[in-house]
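Below is one structure, written out as structure tokens; comments come after it.
Numbers here are sequence positions counted from 1.
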Amino acid sequence: MADKDFKIWKGETKVFMAIERTMIGWLRYAGTIGVGAFAVNVLGHGSFKGATGALGAAQALAAILIAVGAYVRYRQRIKLVQQRYHGAFGDVAMPAIAGFVTLVLLGGVVCVGFERWYGYTFRAAECAPLPYPVFDGAKPPFLYLSFHGSNQPVNAYCHAALGVSGVHRFALSENGSVKYAGPAVDQHSALLKMPRGMAQARKMLFILDGSAQDSSVAVFGECPTESGLAVRPFLGRIRPEGAKLAAAFSHPYGVSTTSSGALRISAQNGGAVVGIDLATGDMSVVQKVAQPYSSHMRTLDEKSGPLRDIVIDESGCSHVADRVDGLVRHYCPADGDLVASSKVTNPIGLALDPEANLLYVGSYSCTERPSSTCAVHSRIMVFKLHFGSSPKKFEIEKISEAVAPSMVHPAGLLFHNETLFVLEQTTRSLVSFTARRDGNLTYHGALLKDLPDVPEQMLISFDDC
């Protein structure tokens with residue numbers, strides 16, 4: 001009699017497992033909407049900063065709401081099972097809402113992708129300049145500025161916030177002010193991804209592209225003869241041949257020219273100085289300066305490769321910044337032996353005053369936003385170069401140093417007409433110092449502020465464009 005009064009619902013276990021599988025399915029869907037869509041955005045934009053905008057926030061919010069809704073429905077259904085409810089367990093609202101959210105998100109992705117393709121394809125002239133007024137009456141000399149760039153230059157072409165992959169020029173006036181004079185090169189044809197150092201030789205402009213997918217040298221021709229400010233035409237690229245040379249040339253950063261007009265390039269991740277003979281286009285390793293960078297070396301102190309800038313002085317000696325070892329290495333002659341090393345904390349940018357034989361070195365202590373610690377330890381160091389009768393008698397001495405307000409990461413350095421220009425990466429600004437021949441620096445002020453992307457390197461050009 002007791003067995004008849006107590007009836008066991010044999011379907012309870014199967015229903016419970018079905019409810020659990022349903023919840024897991026919804027959580028998988030939420031993960032696809034959130035994490036999967038975010039990963040697609042990162043690949044599409046080429047960086048995390050381009051994938052964390054309004055569309056990324058909408059996807060994350062939708063994923064959270066779907067996951068919460070799935071858990072709520074799971075608890076409701078478990079309670080119904082425990083109460084031995086024999087009615088329907090179906091849900092019309094959740095699939096309808098999920099379908100609507102999917103259509104909206106897919107439509108948003110398609111619209112954003114179409115808008116960026118349309119901008120690159122049909123609005124090239126409009127999107128090429130930075131979001132500044134262009135000074136039409138600009139005359140040389142010009143400061144060429146390169147920026148951190150983007151792995152997806154087509155997507156970023158009309159969106160400077162995603163990364164400025166082109167090189168832009170600023171007219172330098174006699175009073176030291178700068179005015180924007182538009183793009184310097186044909187970025188639409190070249191599609192530079194991560195422009196770094198620049199050099200002029202043989203009436204051509206050479207721009208290093210530090211992209212991991214295509215570490216190369218982009219070559220641009222001389223200024224067109226047409227009236228007005230024109231851009232330099234894109235001629236092609238110089239690429240390393242062979243796996244060993246490609247590894248040594250990984251992420252080219254700084255470039256300088258020898259007295260014969262050849263290029264000497266410091267490869268940030270390759271740890272080597274690579275030379276290019278412009279007469280033949282041949283590329284070869286000149287010096288192995290530091291251990292090549294690889295992903296397994298990544299620590300808090302080694303977030304990237306060792307080498308930074310390189311400069312060659314009037315006597316033919318080269319100076320290479322090694323950030324990881326905290327050294328500026330000096331080679332005399334440029335393709336010869338190491339003759340000295342100068343201890344500098346995190347050296348990055350280098351510049352020369354050829355008449356006074358002064359070497360300027362940008363040094364930083366951190367990469368965070370401006371703080372009292374960074375302001376104290378990030379500085380410009382000045383070294384005096386002494387050349388003897390032979391390379392072995394080369395000597396160098398530190399004679400002064402200087403700081404500037406909010407100077408945290410002094411990357412690009414350029415000396416011109418008793419002025420030292422410094423590109424400050426953390427605050428995205430261009431600052432200047434009055435540079436005296438005795439090595440003393442006096443901070444002058446910020447010439448440019450709030451640049452649209454992280455600035456990298458500078459070059460002064462006396463050509464008409």
Side-chain angles (χ1 to χ4, degrees), residues 140 142 144 146 167 184-187 189-211 214-225 230-268 270-289 307 309-320 329-338 350 352 354 391 414 457-465:
F142 295 107
Y144 285 8
S146 65
V167 171
V185 298
D186 181 9
Q187 163 67 3
S189 299
L191 281 181
L192 291 166
K193 293 183 178 180
M194 294 184 173
R196 294 297 183 262
M198 299 165 283
Q200 283 184 280
R202 297 174 177 259
K203 297 184 179 181
M204 293 181 290
L205 175 66
F206 300 87
I207 301 176
L208 308 181
D209 193 337
S211 169
D214 187 16
S215 291
S216 56
V217 181
V219 185
F220 296 85
E222 58 184 314
C223 296
T225 56
V231 297
R232 293 177 180 268
F234 176 61
L235 302 182
R237 289 179 182 258
I238 302 175
R239 293 182 171 91
E241 296 182 358
K244 290 185 178 180
L245 188 56
F249 196 66
S250 176
H251 198 125
Y253 186 91
V255 58
S256 189
T257 56
T258 64
S259 57
S260 62
L263 300 183
R264 293 295 179 264
I265 299 168
S266 57
Q268 175 177 310
V273 173
V274 178
I276 298 180
D277 185 347
L278 296 181
T280 62
D282 293 338
M283 184 183 296
S284 61
V285 176
V286 176
Q287 280 124 359
K288 293 183 178 180
V289 181
L307 298 193
D309 210 356
I310 180 174
V311 291
I312 300 177
D313 59 41
E314 296 291 319
S315 298
C317 298
S318 66
H319 313 273
V320 185
R329 304 182 190 272
H330 313 282
Y331 297 87
C332 284
D335 297 347
D337 297 329
L338 178 70
L350 303 177
L352 284 167
L414 174 69
Q457 296 287 309
M458 284 181 291
L459 172 74
I460 189 163
S461 174
F462 296 93
D463 293 344
D464 293 331
C465 68

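- Of the inter-residue distances, the one linking Ile310 atom CD1 with Gln287 atom CD reads 7.0 Å to the nearest 0.5 angstrom.
- Note that CG of Leu459 and CD of Gln200 are 5.0 Å apart. Values are rounded to the nearest 0.5 Å.
- Annotation: the span from Ile265 atom CD1 to Ile238 atom CD1 amounts to 7.5 Å, rounded to 0.5 Å.
- Taking every heavy atom of both residues into account, Gly210 and Arg196 meet most closely at N-CG, 4.4 Å.
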### Task
Check the pair Phe206, Leu263 against side chain to side chain contact (heavy atoms under 4.5 Å, CB included), reporting the backbone distance first and the verdict last.
CA-CA 9 Å; Phe206 300 87; Leu263 300 183; 3.9 Å; yes
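- Heavy-atom minimum distance, Ala272 versus Val285: CB-CG1, 4.1 Å.
- Taking CZ of Phe220 as the reference point, atom SG of Cys465 lies at 11.5 Å (rounded to 0.5 Å).
- Asp463 is not listed as a side-chain neighbour of Glu222, based on a closest heavy-atom distance of 4.5 Å or more.
- Side-chain contact between Leu307 and Tyr253: absent, with no pair of heavy atoms (C-beta onward) separated by less than 4.5 Å.
- Panel note: side chain Ser318, backbone Ile312; no donor-acceptor pair is recorded below 3.5 Å.
- Between Asp309 and Leu350, the shortest heavy-atom contact is OD2-N, 3.2 Å.
- Considering only heavy atoms from C-beta on, Asp313 stays 4.5 Å or farther from Pro354 through its side chain.
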### Task
Mind running side chain to side chain contact (heavy atoms under 4.5 Å, CB included) on Ile207 and Phe234 for me, showing each step along the way?
CA-CA 11 Å; Ile207 301 176; Phe234 176 61; over 6 Å; no
### Query
Do Leu278 and Ile276 pass the side chain to side chain contact (heavy atoms under 4.5 Å, CB included) test, and can you show the C-alpha distance, the side-chain angles, and the key distance before you say yes or no?
CA-CA 6 Å; Leu278 296 181; Ile276 298 180; 4.0 Å; yes
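- In this structure, Gln457 and Met198 approach most closely via the heavy-atom pair O-CE, 3.6 Å.
- Leu191 CG to Asp186 CG: the interatomic distance, rounded to the nearest 0.5 Å, is 9.0 Å.
- Minimum interatomic distance between Ala218 and Leu192 (heavy atoms only, all atoms of both residues): CB-CD2, 3.5 Å.
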#### Entry: Val185 and Val231: CA distance, side-chain angles, deciding distance, side chain to side chain contact (heavy atoms under 4.5 Å, CB included) verdict
CA-CA 5 Å; Val185 298; Val231 297; 5.5 Å; no
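- For the residue pair Arg232/Tyr144, the side-chain donor-acceptor check at 3.5 Å is satisfied.
- Of the inter-residue distances, the one linking Asp335 atom CG with Cys317 atom SG reads 11.0 Å to the nearest 0.5 angstrom.
- In this structure, Asp209 contributes its side chain and Met194 its backbone to a donor-acceptor pair below 3.5 Å.
- Summarising the geometry of Ala267 relative to Ser250, their closest heavy-atom pair is CB-O, 3.6 Å, with the distance given to 0.1 Å.
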